[in-house]
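Numbered from 1 within each chain, the chains take letters A, B, ... in sequence-line order.
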There are 2 protein chains.
Amino acid sequence: MCYDINTIFLKGAPMDSNDNKPNHSLPIQPYTTRYLILEKAQEHFMRDGYKATSTRRIAKEVGITQPNLYHHFANKEALYIAVLEMVANNALDDLKLIPAETDHQLGETLIKMTYYLRETHPYNFPVMLNDMKKEISPETSFALYKIFQKSYLQPFIDLFEENSAQLIENFDADLLANHFFLVISPYMNPDNLSYSKLSIETIIDFFLNGIKR
Amino acid sequence: MCYDINTIFLKGAPMDSNDNKPNHSLPIQPYTTRYLILEKAQEHFMRDGYKATSTRRIAKEVGITQPNLYHHFANKEALYIAVLEMVANNALDDLKLIPAETDHQLGETLIKMTYYLRETHPYNFPVMLNDMKKEISPETSFALYKIFQKSYLQPFIDLFEENSAQLIENFDADLLANHFFLVISPYMNPDNLSYSKLSIETIIDFFLNGIKR
DNA sequence: GTCTATAATAGGATAGAC
DNA sequence: GTCTATCCTATTATAGAC
């Protein structure tokens, strides 16, 4: 099972094994046009969603013409996929380090991981999840969701499994991590109506202990 | 404070006080073209969101021409507002009756209200919340959110207040209802990746009691 | 109230020169 | 690798006849 869809969708150089993130499929040289496009596309896609983001706008803000963008990426969808792989890989790299910082303490770790996401990935996750399913071609939709799952959910799955002794019996760590992510998603993005209505500490407390006294 | 924005945005007849829903601002005669447009628009807007829905498609499926739609509604945004008011009013009418059916028992009532929403309002709420904020003009965005809040959140706010004795101390019923709605939102819509991954009973149980044993 | 015709715009994508 | 020019399509919206 291989989720590296670069070879299908992305123009430009393939794997560079001399990269400092050898397991990742997207070695991006900083300050290249390709890199600048990816950065700007990330900003727009992750804030406004797939449909509301235009290639013209990205190109303009990067300082290139819109057709030039098509030299670096086959089409809009390929650019979206590249962005998602990039942010997912960044999330995975950082999230998996956090449990060790807190001795794998469940509550503390969840709070730290959630803060990390809100500070460094303040994306529109509810819309992003919708895009992956509804705006991307079905053939790549599944692969994209797998990438997302591996990067954003796996660290939480691992944490729940490590702390299974404290949790309800017969739980499924996958379902629990998925649920947790859905619960925090609307609170990650500054544009969302719910942002900062509850503190991260409160959200985690509700998640772990419920709202009953 | 008045959130009835029909008079500003909607063409056609104003209030008809001989309606069986006298408090509502939108008396809709069934089987009129206006009604058929609203029904079809609801289906598309609430499943695909504002941007992904086209007036052409709605008109075609209703069996009229696209310009004809502009006889009944001033523009796409006015149609969206009318749809949202309609579904919100329906939700309010039905949701507020449910607590009495279960003697205002907290857990039972939450389960029934959530089942009601998933069965009769299987909408794409995460996208709908995003649309209200990002795709609608700022002037009406706030009013729309107020309508949404009054219809979808108030029944939950009332329920939490009635059951405050069972709940954590110093809680804010508004915040709690808002949080509850965000938690169930991704599970209401059949297209969402999370749909039916957890049963409604489990979601409510997690919400009330947490996931710790 | 519904239609035809059409404007006006914006968006994704390609061809080909340099 | 970047540009200009351009195509094609989809979309919202308007004008005006019936």
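- For T65(B) and dC3(C), the shortest distance from a side-chain N or O to OP1 or OP2 is below 4.0 Å.
- In this view, T120(B) and Y116(B) satisfy the side chain to side chain contact (heavy atoms under 4.5 Å, CB included) rule, not counting sequence neighbours.
- Atom pair I37(A):CD1 and dG1(D):C1' shows a separation of 11 Å (rounding to whole Å applied).
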Item to complete: Summarise protein proximity over nucleotides 11-18 of chain C in one line of letters, 5' to 3': B for base, S for sugar-phosphate only, - for none, counting protein heavy atoms closer than 4.0 Å.
Response: BBBB----
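- H72(A) has its NE2 atom 7 Å from the P atom of dG1(D), to the nearest Å.
- In this structure, L79(B) atom CG and dT11(D) atom P are separated by 15 Å, rounded to whole Å.
- In this structure, the salt bridge (charged side-chain N to carboxylate O under 4.0 Å, His left out) partners of K112(A), at least two apart in sequence or on a different chain, are E101(A).
- Rounded to whole Å, atom P of dT2(C) lies 12 Å from atom CZ of R34(B).
- The nearest whole Å value for the distance from the CD1 atom in I58(A) to the C1' atom in dA10(C) is 15 Å.
- Across the protein-nucleic acid pair, H71(B) atom NE2 and dC3(C) atom P stand 11 Å apart, rounded to whole Å.
- Applying the salt bridge (charged side-chain N to carboxylate O under 4.0 Å, His left out) rule to R57(B) yields the partners E61(B); only residues at least two apart in sequence or on another chain are considered.
- Using a distance-only test at 3.5 Å, with no hydrogens or angles considered, a donor-acceptor pair links the side chain of D131(B) to the main chain of Y50(B).
- E135(B) is linked by a salt bridge (charged side-chain N to carboxylate O under 4.0 Å, His left out) to K51(B), counting only residues two or more places apart in sequence or in another chain.
- The distance between atom CG of L36(A) and atom C1' of dT2(D), rounded to the nearest whole Å, is 14 Å.
- K134(A) is linked by a side chain to side chain contact (heavy atoms under 4.5 Å, CB included) to N130(A), R47(B), D48(B), N124(B), D191(B), counting only residues two or more places apart in sequence or in another chain.
- Put simply, N68(A) has a side-chain N or O that comes within less than 4.0 Å of OP1 or OP2 on dC3(D).
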